[in-house]
Amino acid sequence: YVLYKKVCILYNNDLNTKLTVLSPDKTSIDYKGANTNKNGEYVFNVNLPQKGSYNYILTFSHNVGVTQTKRGSFNLN
């Protein structure tokens, strides 16, 4: 499955990024983002083995600075 969600992070190409996915069985999996060097776009290789409702937390920050978070949810049918 491919999950694509675009989040505006002010066109920074030097961020520390992490995606935490909470699966339907309440286990969490962390993924580190890969920089695409395209106006602040980051890619995560995510494996979602089961159908159901997922929650996620996307965190990003510079080496020095405040950590920002974006939260959301989606259904995988």
Side-chain angles (χ1 to χ4, degrees):
Y1 297 98
V2 174
L3 171 67
Y4 178 77
K5 182 168 180 75
K6 193 169 191 173
V7 176
C8 179
I9 52 178
L10 303 177
Y11 303 109
N12 289 301
N13 287 320
D14 62 345
L15 297 175
N16 299 318
T17 58
K18 181 176 82 168
L19 176 67
T20 302
V21 177
L22 182 63
S23 67
D25 66 0
K26 305 300 182 212
T27 58
S28 67
I29 307 166
D30 292 330
Y31 299 96
K32 183 173 168 58
N35 188 346
T36 65
N37 291 317
K38 295 181 188 174
N39 295 328
E41 292 180 12
Y42 290 79
V43 176
F44 299 87
N45 284 330
V46 178
N47 182 18
L48 303 174
Q50 48 184 299
K51 295 180 181 182
S53 179
Y54 287 83
N55 292 310
Y56 67 88
I57 302 170
L58 174 63
T59 58
F60 48 94
S61 67
H62 291 282
N63 288 334
V64 177
V66 177
T67 299
Q68 302 289 319
T69 60
K70 301 288 182 181
R71 298 172 185 263
S73 62
F74 60 92
N75 287 316
L76 185 64
N77 298 321

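Just the heavy atoms: all of them, side chains too, but no hydrogens, waters or symmetry mates, feed the values below.
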Using every non-hydrogen atom in the two residues, find where [X] and [Y] come nearest and quote the distance to one decimal.
X: Asn45; Y: Tyr31; result: O-CD2, 3.1 Å
X: Thr20; Y: Ser28; result: CG2-CB, 4.2 Å
X: Gly33; Y: Thr17; result: CA-OG1, 3.1 Å
X: Arg71; Y: Ile57; result: NH1-CD1, 3.2 Å
X: Lys51; Y: Pro24; result: O-CG, 3.7 Å

About how many Å separate CZ of Phe60 and NZ of Lys18, when rounded to the nearest 0.5 Å?
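It is 13.5 Å, given to the nearest 0.5 Å.
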State the CG-CD distance between Leu58 and Gln68, to the nearest 0.5 angstrom.
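With rounding to 0.5 Å, CG (Leu58) is 10.5 Å from CD (Gln68).
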Joint hydrophobic cluster, Leu22 plus Val46, side-chain heavy atoms closer than 4.5 Å
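Not linked; separate clusters.
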Measure the acute angle between the ring planes of Phe74 and Tyr54, then classify it against the limits of 30° and 60° as parallel, tilted or perpendicular.
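Correct class here is parallel.
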